[in-house]
Amino acid sequence: MRATIITIFLSAITLTCFGQYGKDLRNLGDRAFADKDYYEAAFYYRKVAEGMHLLQNKEVPFQTMNKAPKKDKPSDATYVSYRLAESYRLYENYIEAEGWYKKTVDAPDASTYPLARLWHGVCLRAIQRFDDAITELQQFNAGYDKTDENKAIANKEIANCTFAKEQYKYPQLLEVVKLKGDWNSDGSDYALLQTGDNFMFTSSRFAKDDKKHLNRIYTANAANGLKPQVITLKDNDAKKDAEYGTPSLTPDGKRMYLTRWYKEGSKVYHSIYFTQKQDSTWQPLHKLGNNVNADGYNAIQPFVTADGKKLFFVSNKPGGFGGDDIWVSDLGDDGEAANAVNLGSSINTDRDEQAPYYNADEKRFIYSSKGFIGLGGFDFFESKSDVGNWSTPINMGYPMNSAKDDLYFIPDNKDANKWYISSDRESDCCLNLFEVHNKSFILAGIVTDCETRKPLAGVKVSFIDSLAKQTLKELTTGADAKYAFKITSKRPYNLKLEKAGYFTKVLPIPASGQMSNDTLYNAEICLQAFEKDKPIVINNILYDFNKATLRPESKTVLKGLVTIMKDNPKIIVRLGAHTDSIGSVKYNIKLSQARAQSCVDYIISQGITSDRIYAKGYGKSIPVAPNSLPNGKDNPAGRQLNRRTEFTVVKTE
């Protein structure tokens, strides 16, 4: 549950001496920090920093003085810088926090705050300066001699940066767009819920009735022009400034589960409630029992499955794996939770997991976690299978995830290629509502025989991630010789085509081509047949007269053979050269051997090992056409056919 926005109203104070006033502000900052009011703490610490001339932007000091101020001790300046950095970080304003952590780690007494460099690295990661973050985190590890949670955080953040760099280089084929209009406000806006043409979501926008930024549930629909309107909830156990959010409805829309929370001192109490709809009015809130709301622990973010029989929720109650875990309960007809089962170690970690979504028909579970390698903050992860038998969660990648917090997945109920999320990727403090458009496509094509150009059945076609060297999917062509694979990211992929009696072929996925709707039609791919010990002529291998030196155009042709040998690493090839009948036997054997060796030398230079190919010069001993006509005259066409280069597969295993 994200912290609510706090708006601070302070009256202007005019003093003639900053010294005592600065101490008072620092004490106020310390008190707010102890109460976990980090937004308020940052306000006070920043005022102290202004008075100490710590701001880089040369602001006018918050004081009126007739003489120069007393120079502050470095320890005082470093304390304020560190506390200001901590306050900004803890309400997730990483941009501001980064500069103050930098000031702390550069201070003469930086060793007083050994964790400053760790959190500076975290902030650098959050603002997408991944290389700088890795350097800072590695430096923290080098100077930190304890093996504890902080060291683990640093190592995980380094892994996050490495993962994020690749994700930003090869993003998922998604378009993430912040919702326009009244959806987003000056507060937090998140946890969108859609039922038909109606929407519900949570917002801490400034409410005229409350005259405060308090989280409330809003509704919007096409009938009112999608203008958000607050839902009135009856709370018989109202606490001062109690807040409500993260709604979830049963299939009939008549029962709404939600999170209710309030603050006493520095502690915030969260519980899950439900309310029944009677006619058009929501009845008084009813708190769920101990299966969900365990005494002394928090329960948040309810999600009701489409059949209304199960309730997923988040809690830090005993029986979990650390932090907030995701649980599931069976719901009775009365709306109560009959039990509560932790989703287990496949889903939950020792860090926080939040915002569950489950589609039973697709066996698809999507949630947010801080416990796995990701881009930073809460990332979306997806797991498949039935409740209680979860597959290993997969990070959903960038731009679905960002370097900040990403939560509350919900699909659009009319467009399968559109869904909604909540993220603070464009904010210093608050979640906003975004829509995500799926831009993935299908790559389709056909495989043929290179000689006959007829469709080729029985070809195994593998779809390979060429970075991870991992086969993602494979199929065998049928009578129509067609294949199709879904392309979901900009990562480089290869197609590998294999059939007995044919050379294997490996090709990169095309970046562009003929598109029709969501399908990219690949050019026809042909496979070349071969038989062991049967020569195959390589056309257009050219030499100058009486020379064995390869001409440039010949090297271009030989690259095709290099590709075949790389795609078929188990074959061993004999490369043979032949001449016509002009010249002596000895001369032609020598010339043909030199020419064959020139081809072999070039192929070896392209990365093929010498034990896989060898040269053989045949001279004029194996003509394929007459060198002269029956009348004894010269036959130029026949001699041209005899001056040839061939390769023969002599071993396939």
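Along the sequence shown, the residues carry numbers beginning at 1.
Classification of the F130-Y168 ring pair by plane angle, with boundaries at 30° and 60°, yields tilted. Aromatic ring orientation, F503 versus F530: parallel (interplanar angle below 30°, classes split at 30° and 60°).
At a threshold of 4.0 Å, the pair D580-K620 does not count as salt-bridged, since none of the basic side-chain nitrogens sits closer than that to a carboxylate oxygen. By the 4.0 Å N-to-carboxylate-O rule, K404 lies too far from E426 to be salt-bridged with it. A salt bridge is defined here as a Lys NZ or Arg NE, NH1 or NH2 lying under 4.0 Å from an Asp or Glu carboxylate O, and D131 with K165 meets this definition. Between E646 and R644 there is a salt bridge, since at least one side-chain N of the basic residue sits less than 4.0 Å from a carboxylate O of the acidic one. With salt bridges taken as basic N to acidic carboxylate O contacts below 4.0 Å, none links D415 and K418. Using a cut-off of 4.0 Å between Lys/Arg side-chain N and Asp/Glu carboxylate O, K454 and D449 are scored as not salt-bridged.
A donor-acceptor pair shorter than 3.5 Å can be found between the side chains of Y101 and R89. If you check the side chains of D406 and S423, you find a donor sitting under 3.5 Å from an acceptor. Residues N432 and D424 have side chains that never bring a donor and an acceptor to within less than 3.5 angstrom of each other. Donor-acceptor pairing under 3.5 Å is recorded for the side chains of D325 and N342. Side-chain contact check for R491 and S489: no donor-acceptor pair (N or O, by modelled atom type) lies under 3.5 Å. T519 and N517 are not linked by any side-chain donor-acceptor pair at a separation below 3.5 angstrom, with hydrogens and angles left out of the test. Donor-acceptor pairing under 3.5 Å is lacking for the side chains of Q470 and D465. Between the side chains of Q354 and S368, no donor N or O sits under 3.5 Å from an acceptor N or O.
For NZ of K156, the number of neighbouring non-hydrogen atoms (other residues, nucleotides, ligands) closer than 6.0 Å is greater than 12. Remark: K178 NZ is packed, more than 12 non-hydrogen atoms of other residues, nucleotides or ligands lying under 6.0 Å away.
Of all heavy-atom pairs between E498 and S462, the closest is OE1-OG, 4.2 Å. Nearest heavy-atom pair, A615 versus Q597, reported as atom, atom and distance to 0.1 Å: CB-OE1, 3.4 Å. When all heavy atoms are compared, the tightest approach of D148 to Y144 is OD2-OH, 2.7 Å. Taking each heavy atom of I487 and L443 in turn, the nearest pair found is CG1-CB, 4.0 Å.
Screening residues 526-539 for side chain to side chain donor-acceptor pair (under 3.5 Å) gives no qualifying pairs among residues at least two apart or on separate chains. Applying the disulfide (SG to SG under 2.5 Å) test to residues at least two apart or on different chains, the pairs with a partner in residues 467-559 are C450-C526.
Applying the salt bridge (Lys or Arg N to Asp or Glu O under 4.0 Å) test to E353 and every residue at least two apart in sequence or in another chain returns nothing.
Aromatic ring centres of F312 and W327: separated by at least 6.0 Å. In this structure, F463 has its ring center under 6.0 Å from that of Y493. In this structure, W390 has its ring center under 6.0 Å from that of Y358. Taking the ring centroids of Y367 and F380, they lie at or beyond the 6.0 Å cut-off.
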Step by step, work out the ring-ring contact (aromatic ring centres under 6.0 Å, His included) result for Y357 and F303.
CA-CA 7 Å; Y357 163 85; F303 176 83; 5.4 Å; yes

Check the pair W419 / D412 against side chain to side chain contact (heavy atoms under 4.5 Å, CB included), numbers first and verdict last.
CA-CA 5 Å; W419 54 89; D412 187 273; 5.7 Å; no

Step by step, work out the side chain to side chain contact (heavy atoms under 4.5 Å, CB included) result for N438 and L173.
CA-CA 7 Å; N438 184 6; L173 295 175; 5.5 Å; no

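Using modelled atom types, one side-chain atom of S383 and one backbone atom of S391 make a donor-acceptor pair closer than 3.5 Å.
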